[in-house]
Amino acid sequence: MSQLPHPVKFAEMRNKTVMFRVDLNAPMKDGKVSDLTRIKRPAAGILALVEQGAKVVVASHFGRPKGKPSPELSLAPVAEALSQCLDHPVRFVPDIVGDVAAAAIRDMEQGDVIMLENLRFDPREEANDTAFAEKLVAEVDVYINDAFSCSHRAHASITAAADLRPAFAGPLMMAELEALDQVLGNPKRPLAAVVGGAKVSSKLDLLSNLVKQADVLIVGGGMANTFLLADGIAIGASLAEADLVDTAREIKAAALASGCQLVLPQDGVVASAFSAHAPHRTVHFADSDIASDEMILDAGPDAIAAAMAAITPCHTLIWNGPMGAFELPPFDAATTALARHVGSLSQNGSMTSVAGGGDTIAALNHAGVMDQFSYVSTAGGAFLEWLEGKPLPGVVALLGSA
Ligand code: AMP
């Protein structure tokens, strides 16, 4: 197992003043939180602290105010929504590191919860400014990071603050890290990776990392087209990056060198229009008869069968990106079929499956298998950087803390 941070032990938080960094970037409509999913997630950790009589100072950013106060990105309505989810009062403090915030924290009673204003209203947050972090934690005894989804950012409330107080991982952070560790830290082999989506260029680091780690790599979606082009296949008007054919060849060579079985589609579903229900046909690439105005919009039936056969014996699987233009039926067929196959292997206990990043959640939702995968990460950018093998500054900062 790779090194994991210390999880918070709630019994040790009795009567402590705790900064609890969360990700409360929930969707808003007409000044109110329109979907409580994001707000509900850290509720368990906050309530466990409240039960111990801790004073909980909730800190989060919201949107991209670019270092300036911006009323429409205030956390005031989020504090209200959090209070509703906790069924416990949450006092909103319209300040971050000023006298108002300091006084509010000093005035807290045991079991109180307050929420500071949007951290990104201050430019020092994104600059990872130590003096700002010192003020942020000046009145607290302990720092807890429960925001894995923000931990790829070296921001003051994520890294600098963790260096200044005993720092622990919250329960959501631990659940995410433990799930990810099962897949790339310490996987039960064979390990399969399914990587799809639009472009090779946005997933170069990810592909380079995964060919070194996985026993099987299924490449699908628009990005597979660049690999086909590298093999000299005429792909018509398909989405592809001609300037990356050498990169595609390098990834193939790296797979060969590390013993990773690279599975590319042998056939595809092509259409002349990028629209739902466009007239379409299946093409075997070896025959190379794609017309100049046709686009490959999905993997074909042989490609689906080959991908299923390759992943069936695998005990661990990681998935990022759709196998085709899944938003436009019938070009959702490969994504849906493969996702359902992974879902049933996971349900019958033969496979641990983890998915996340970009459009993956929408694709799995579309296939109706969200709850069949072992773990679906909602962390977006942080999940992708972890998949790329990059150390996440917020996790590193916790590892350094005793
Ligand atoms: P990404 O955000 O990189 O995971 O890309 C997801 C997008 O890739 C989705 O919107 C898909 O519609 C798109 N996509 C997948 N396969 C294809 C394809 N063969 N041609 C065009 N777009 C595709």
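Numbering of ligands and ligand atoms starts at 1, following listing order. Below, all heavy atoms of this structure are taken into account, side chains as well, without hydrogens, waters or symmetry copies.
Interface atoms of ligand 1 facing Gly197, defined by a heavy-atom separation under 4.0 Å, are 1 (P), 3 (O), 4 (O), 5 (O), 6 (C), 8 (O). Atoms of ligand 1 lying under 4.0 Å from at least one heavy atom of Leu297, given by number and element, are 19 (N), 20 (N). Against a heavy-atom cut-off of under 4.0 Å, Leu239 is close to the following atoms of ligand 1: 21 (C), 22 (N). Of all atoms in ligand 1, listed by their number and element, those nearer than 4.0 Å to a heavy atom of Pro322 are 4 (O), 6 (C).
If you look at Phe331 next to ligand 1, there are no close heavy atoms at all, none under 4.0 Å. The part of Ile296 lying near ligand 1 is the backbone, judged by heavy-atom distances below 4.0 Å.
Atom 7 (C) of ligand 1 has as its closest protein heavy atom Asp359 OD2, 3.7 Å. Regarding atom 10 (O) of ligand 1, its nearest protein heavy-atom neighbour is Glu327 OE2, 2.5 Å. With hydrogens left out, the protein atom closest to atom 8 (O) of ligand 1 is Ala198 N, 3.3 Å, a heavy atom. Scanning the protein for heavy atoms near atom 4 (O) of ligand 1, the closest one is Lys203 NZ, 3.0 Å. Looking only at heavy atoms of the protein, atom 16 (N) of ligand 1 is closest to Gly222 N, 3.0 Å. Closest to atom 15 (C) of ligand 1 among all protein heavy atoms lies Gly324 O, 3.1 Å.
Between Glu126 and Lys66 there is no salt bridge, since none of the side-chain N atoms of the basic residue sits less than 4.0 Å from a carboxylate O of the acidic one. Checked for salt-bridge contact, Arg38 and Asp23 meet the test: a charged N lies under 4.0 Å from a carboxylate O.
Side-chain contact between Leu119 and Phe62 is absent, with no heavy-atom pair separated by less than 4.5 Å.
The two residues Lys55 and Gln110 make their nearest non-hydrogen contact at CE-N, 4.0 Å.
A distance-only check finds a donor-acceptor pair linking the side chain of Ser34 to the backbone of Pro27 [under 3.5 Å]. Remark: side-chain polar atoms of Asn186 are not paired, donor with acceptor, to backbone N or O of Asp181 under 3.5 angstrom.
Centroid-to-centroid, the aromatic rings of Phe331 and His280 come within less than 6.0 Å.
Shown are Val58, Ile105, Asp107; of these, the side-chain contact (heavy atoms from CB on, under 4.5 Å) with Ile114 is made only by Ile105.
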